[in-house]
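Remarks on the structure that follows.
Indexing begins at 1, ligand by ligand and atom by atom, following the structure's order.
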Amino acid sequence: MRKPLIAGNWKLNKKISETKELVSELSKLIQESKLDAKALPEIIVCPPFTSIAAAAELSNGTDIKVGAQDMSQFDSGAYTGEVNIEMLQELGVDSVLIGHSERRVIFREDDLVINAKVKQALKSNMNFILCCGEELDTREAGQTDSWVEHQIEKALDGNSVNSADQFTIAYEPIWAIGTGKTCDATEANRVIKVIRAKLAALTSQELADQVRILYGGSVKPNTIEEQMSQSDIDGALVGGASLKAQDFFGIIQGCSHATIHNV
Ligand code: PGA
């Protein structure tokens with residue numbers, strides 16, 4: 001069985017003081033709720049780089065792990081503005097997001113850059129969450145499936161993944177991110193199955209069956225249970241609702257309830 005994962009992507013939000021507040025409040029809510037430990041999802045928060053150390057310090061010894069929103073595809077050297085994996089590992093970072101649509105669209109990260117980041121993460125034993133997803137016009141043109149298949153193929157091309165522990169995939173339709181327009185849960189599940197089938201073709205059925213695939217795009221406390229009741233949705237990548245401890249906790253709680261219900 002795949003262990004559910006709830007990851008919060010804080011984007012360009014939360015300075016150190018706010019990070020301390022949010023992580024403390026969240027860990028308190030998790031602790032006090034006494035959720036069944038077996039049903040608790042893996043929980044990751046991804047603060048901006050400058051807040052990672054504070055988040056790592058405060059989450060030490062709790063159920064919260066700390067991730068990063070991005071990283072450099074380079075080892076070190078003359079790359080102004082970049083942060084490498086070793087720097088993140090030194091801070092206790094557990095995993096990184098790669099290929100978020102905001103990196104792809106706003107910062108023009110293309111398939112080659114994303115492929116190089118995947119290579120770098122694999123080389124350095126850093127878990128990664130590889131994001132994919134289509135724009136509205138791609139969906140309206142009926143090209144969603146081939147679009148996400150292409151993104152996964154390009155990201156993994158020449159990179160040998162051989163264990164489901166190395167990575168997670170997040171399906172995030174761009175039109176659902178930050179818009180409040182959640183993708184219908186059955187449709188998200190259908191696309192996730194397409195991604196899993198592609199992964200099986202690129203690697204093996206066994207690996208594809210074990211890799212977690214998340215849904216992302218306007219996930220809220222009141223959407224998570226339906227999402228988690230789907231056969232192939234293994235958790236959520238959460239933006240807006242990860243910025244408030246109550247909301248993010250509500251998603252964790254909903255995910256736990258669905259896990260108890262599904263077994
Ligand atoms: P959202 O963002 O939950 O605010 O839609 C999701 C994401 O960008 O990962």
Side-chain angles (χ1 to χ4, degrees), residues 4-14 18-19 22 26 41-49 51-52 55 64-71 93-109 114 117 121 127-136 138-139 144 147-148 151-152 155 167-185 187-189 191-192 195 212-228 230 233-255 258:
L5 166 62
I6 301 292
N9 172 13
W10 295 1
K11 309 189 181 185
L12 183 48
N13 296 290
K14 305 290 176 191
E18 296 164 325
T19 295
L22 179 50
L26 182 63
E42 186 178 342
I43 302 161
I44 301 178
V45 295
C46 303
F49 289 133
S51 291
I52 286 177
I64 304 166
K65 295 179 183 171
V66 178
Q69 298 171 23
D70 189 26
M71 91 236 182
V93 165
D94 180 75
S95 48
V96 292
L97 303 183
I98 296 181
H100 188 280
S101 62
E102 284 148 21
R103 299 296 320 166
R104 292 181 190 257
V105 177
I106 305 170
F107 299 99
R108 312 264 165 97
E109 281 188 19
I114 288 156
K117 289 187 175 185
N127 298 328
F128 60 94
I129 300 176
L130 174 62
C131 306
C132 64
E134 81 288 356
E135 301 262 16
L136 191 56
T138 305
R139 170 160 287 268
T144 298
W147 180 266
V148 293
Q151 285 183 317
I152 298 300
F167 71 116
T168 299
I169 291 177
Y171 168 57
E172 299 201 300
I174 298 176
W175 49 271
I177 296 180
T179 57
K181 286 188 213 149
T182 318
C183 179
D184 179 73
E187 170 59 10
N189 193 52
V191 179
I192 286 176
I195 295 169
R212 290 181 294 190
I213 309 183
L214 316 179
Y215 166 75
S218 298
V219 174
K220 306 284 179 235
N222 64 2
T223 67
I224 190 71
E225 288 204 41
E226 192 189 356
Q227 285 151 347
M228 292 309 297
Q230 303 294 319
I233 301 183
D234 301 319
L237 180 53
V238 186
S242 70
L243 297 175
K244 287 201 182 117
Q246 270 299 348
D247 289 348
F248 196 55
F249 173 69
I251 291 171
I252 293 166
Q253 205 174 23
C255 179

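Close N/O approach between His100 and ligand 1 is found [any backbone or side-chain N/O within under 3.5 Å]. Distances between N or O atoms of Val238 and those of ligand 1 include no value under 3.5 Å. Backbone and side-chain nitrogen or oxygen atoms of Gly240 are examined, and one is located within less than 3.5 angstrom of a nitrogen or oxygen of ligand 1.
Atoms of ligand 1 lying under 4.0 Å from at least one heavy atom of Gly178, given by number and element, are 1 (P), 4 (O), 5 (O). If you number the atoms of ligand 1 from 1 as listed, the ones under 4.0 Å from a heavy atom of Asn9 come out as 9 (O). Heavy-atom proximity to Ala176, at under 4.0 Å, picks out these atoms of ligand 1: 5 (O). Atoms of ligand 1 found under 4.0 Å from any heavy atom of Ser218 (numbered from 1 in listed order, with element): 1 (P), 3 (O), 5 (O).
Residues Ile252 and Leu26 form a side-chain contact, since some pair of their non-hydrogen atoms from C-beta on lies under 4.5 Å apart. Gln69 is listed as a side-chain neighbour of Asn9, based on a closest heavy-atom distance under 4.5 Å.
At least one heavy atom of Gly217 sits closer than 4.0 Å to an atom of ligand 1. Contact annotation: Ala241 has no heavy atom less than 4.0 Å from any atom of ligand 1. Ligand 1 lies nowhere less than 4.0 angstrom from a heavy atom belonging to Lys220. Contact analysis leaves Ser242 out of contact with ligand 1, as no non-hydrogen atom separation drops below 4.0 angstrom.
At least one donor-acceptor pair closer than 3.5 Å links the side chain of Trp147 to the backbone N or O of Gly133. Ser51 places no side-chain N or O within 3.5 Å of a backbone atom of Pro48 that could act as its donor or acceptor partner.
Within a 6.0 Å sphere centred on CD1 of Ile106, heavy atoms belonging to other residues, nucleotides or ligands number more than 12.
With a 4.0 Å heavy-atom cut-off, ligand 1 is reached by the backbone of Ile177 and by its side chain too.
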Show the numbers, then the answer: is there a side-chain contact (heavy atoms from CB on, under 4.5 Å) between Val96 and Lys117?
-> CA-CA 10 Å; Val96 292; Lys117 289 187 175 185; over 6 Å; no

